[in-house]
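To find a chain, count down the sequence lines: A is the first, B the second, and so on, and within it residues start at 1.
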Number of protein chains: 2
Amino acid sequence: MFDLDLRSRKPIYEQLVEKFKELIIKEVLQADEKLPSVRTLARQMTINPNTIQKAYRELETQGYIYSVKGKGSFVQVSDDAVNQEELMKIKEKLTADISEALYLGMTRTEIEQLIKEAEESIGGQKTND
Amino acid sequence: MFDLDLRSRKPIYEQLVEKFKELIIKEVLQADEKLPSVRTLARQMTINPNTIQKAYRELETQGYIYSVKGKGSFVQVSDDAVNQEELMKIKEKLTADISEALYLGMTRTEIEQLIKEAEESIGGQKTND
DNA sequence: TAACTGTATTAGTATCCTTAGTACAGTTAA
DNA sequence: TTAACTGTACTAAGGATACTAATACAGTTA
């Protein structure tokens, strides 16, 4: 499904969370689409099912997926009201990172260009990579 | 000098790095200004000098301060050429965070407003808090 | 020389990550 | 109903990493 760096200092489950978030944000995985089961994905990547479950639980906490016992895990429809807490966190991160970027010599225009690129990468694609 | 949360899961030295970066970016601490010695600050905050040193080393690695054996640690003059590596890291973080913010419902205008606020908070202040 | 400064090394502790095994509960299709 | 799938919970163990502490060394300054 995607590549992981098992030798990275970054935990496997965190890498999984990031990968899935990226796929969901870019709508490669669409609303209500079924994710691979924890056991199936664990077998495919030869890692422990508990590690997958930990990633899925984190994704559920952050509001990106929902799970139904006996059925599976699915992509959550983005709901602005639900994710208010996550929005606050991102806003704080953005504020700090923007300050640092400006301090390191990045210009307002360059940051605005990043926003533009992000906007395009979100809606504007089909099933290609 | 500032508050730390000793019970936080976030390591003390990381909190120190963030605080100092903020002070340097906002120019509360100015170029070549002397930072408190590792032992003095450690005594003030009743934590181990090594923890302060670890924070200072990290700040030095990121190009925010420089240290001279026997003299002390001082705020580094921001040099766009030197910090290119840090700039790359920030750019990647910004790209991911902007995508997530947009997905969670933040608008381009709101993000641009954050940029504006960051610009104002950097240059526009004296010694007040 | 005395008192300050940063730095390096070692060691103990704590925490986190991953794996493994087991068990329970809900869903689905034969 | 049964079999095979799904998510979920729990415990235990091992290893790796991170954090903090204590000590010693080295340079600066008055």
Side-chain angles (χ1 to χ4, degrees), chain A residues 1-21 24 29 31-77, chain B residues 1-21 24 29 31-77:
Chain A
M1 192 154 193
F2 36 59
D3 301 327
L4 294 181
D5 182 1
L6 298 181
R7 284 178 230 79
S8 169
R9 318 103 196 96
K10 180 167 294 190
I12 298 174
Y13 86 93
E14 265 187 44
Q15 295 183 47
L16 284 168
V17 169
E18 286 181 6
K19 297 283 187 183
F20 273 112
K21 280 172 75 169
I24 293 171
L29 294 175
D32 292 320
E33 186 169 342
K34 189 173 184 299
L35 273 62
S37 79
V38 292
R39 290 177 180 82
T40 299
L41 190 53
R43 230 179 299 121
Q44 281 180 13
M45 321 196 91
T46 49
I47 56 184
N48 195 280
N50 290 341
T51 305
I52 308 288
Q53 195 211 338
K54 185 167 187 176
Y56 279 13
R57 193 191 310 165
E58 176 65 20
L59 286 166
E60 189 163 12
T61 299
Q62 292 188 27
Y64 283 87
I65 69 173
Y66 63 94
S67 298
V68 183
K69 198 182 292 184
K71 301 190 73 172
S73 299
F74 308 86
V75 176
Q76 176 70 273
V77 182
Chain B
M1 191 158 193
F2 35 58
D3 301 326
L4 293 182
D5 182 2
L6 298 181
R7 283 178 230 80
S8 168
R9 317 105 196 97
K10 180 167 293 192
I12 298 174
Y13 86 95
E14 261 187 48
Q15 295 183 48
L16 284 168
V17 169
E18 284 181 7
K19 297 281 189 185
F20 273 112
K21 279 173 74 169
I24 292 172
L29 293 174
D32 292 321
E33 186 169 342
K34 189 174 185 301
L35 273 60
S37 79
V38 291
R39 289 177 181 79
T40 300
L41 190 52
R43 230 180 297 120
Q44 281 181 12
M45 322 197 91
T46 49
I47 55 183
N48 194 280
N50 288 346
T51 305
I52 309 289
Q53 192 215 339
K54 185 165 189 177
Y56 279 12
R57 193 191 313 167
E58 177 64 21
L59 286 166
E60 190 164 9
T61 298
Q62 292 188 28
Y64 283 87
I65 70 172
Y66 62 95
S67 298
V68 184
K69 197 183 294 186
K71 301 190 73 172
S73 299
F74 309 86
V75 176
Q76 176 70 273
V77 182

Enquirer: Where is the tightest heavy-atom contact between A:Leu16 and A:Met45, given as atom of each residue plus distance?
Expert: CD2-SD, 4.3 Å

Enquirer: Take B:Glu60 and A:Pro49, find for each the nucleotide of DNA chain C with the closest heavy atom, and name the residue whose nucleotide sits nearer the 5' end.
Expert: B:Glu60

Enquirer: Taking only residues two or more places apart in sequence or in another chain, which ones pass side-chain contact (heavy atoms from CB on, under 4.5 Å) with B:Arg43?
Expert: B:Arg39, B:Thr40

Enquirer: Output a table of donor-acceptor pairs, distance under 3.5 Å, between side-chain atoms of residues 68-77 of chain B and any protein atom two or more places apart or on a different chain; print 'none' if there are none.
Expert:
from: B:Ser73; atom 1: OG; to: B:Ser67; atom 2: OG; distance (Å): 2.9

Enquirer: Name the stems with DNA chain D in them: runs of three or more consecutive Watson-Crick or G-U pairs, distances under 3.5 Å?
Expert: C:1-16 with D:15-30, C:18-30 with D:1-13

Enquirer: Between B:Lys19 and B:Asp3, which heavy-atom pair has the shortest distance, and what is it?
Expert: CE-O, 3.3 Å

Enquirer: For A:Gln53 and D:dA9, what is the distance between atoms CD and C1' respectively, to the nearest whole Å?
Expert: 8 Å

Enquirer: Near DNA chain C, counting only heavy atoms under 4.0 Å, which residues of residues 10-18 of chain B show up?
Expert: none

Enquirer: Rounded to whole Å, how long is the line connecting atom CD1 of B:Ile52 with atom C1' of D:dT20?
Expert: 12 Å

Enquirer: For residues A:Leu41 and A:Gln44, determine if any side-chain heavy atom of one lies less than 4.5 Å from a side-chain heavy atom of the other.
Expert: yes

Enquirer: Taking all non-hydrogen atoms of both residues, which atom of B:Ile65 and which atom of B:Ile24 are closest, and how far apart?
Expert: CG2-CD1, 3.9 Å

Enquirer: For B:Lys10, is there any backbone N or O sitting under 3.5 Å from a side-chain donor or acceptor partner on B:Gln15?
Expert: yes

Enquirer: Starting from the 5' end of DNA chain D, give me the residue, B:Val68 or A:Lys34, whose nearest nucleotide shows up first.
Expert: A:Lys34

Enquirer: Enumerate the protein-to-nucleotides 14-17 of chain D contacts in which both atoms are nitrogen or oxygen and the separation is below 3.5 Å.
Expert:
none

Enquirer: Identify the two heavy atoms, one from A:Asn48 and one from A:Ala42, that lie closest to each other, and give their separation to 0.1 Å.
Expert: C-CB, 4.0 Å

Enquirer: D:dT23 C1' sits how many Å from B:Arg39 CZ, rounded?
Expert: 11 Å

Enquirer: Would the base of D:dA22 count as contacting B:Asn48 through its side chain, where contact means a donor and an acceptor less than 3.5 Å apart?
Expert: no

Enquirer: Find the distance between CG (B:Leu6) and OG1 (B:Thr46) and round it off to the nearest 0.5 Å.
Expert: 7.0 Å

Enquirer: First and last nucleotide of DNA chain C in contact with chain A, 5' to 3', at under 4.0 Å to a heavy atom: what are they?
Expert: C:dC17 to C:dT28

Enquirer: Check step by step if side chain to side chain contact (heavy atoms under 4.5 Å, CB included) holds for B:Thr51 and B:Lys54.
Expert: CA-CA 5 Å; B:Thr51 305; B:Lys54 185 165 189 177; 5.7 Å; no

Enquirer: Taking atom CD of A:Glu60 and atom CD of A:Glu58, what is their separation to the nearest 0.5 Å?
Expert: 10.5 Å

Enquirer: Can you tell me which residue among B:Tyr66, B:Phe20, B:Tyr13, B:Tyr64 is in a ring pair (Phe, Tyr, Trp, His ring centres under 6.0 Å) with B:Tyr56?
Expert: B:Phe20

Enquirer: In whole angstroms, how far is the C1' atom of D:dA4 from the NZ atom of A:Lys71?
Expert: 17 Å

Enquirer: Look at all strands and tell whether A:Thr40 reaches a base, only sugar-phosphate, or nothing, counting heavy atoms closer than 4.0 Å.
Expert: sugar-phosphate

Enquirer: D:dT8 P sits how many Å from A:Asn50 CG, rounded?
Expert: 12 Å

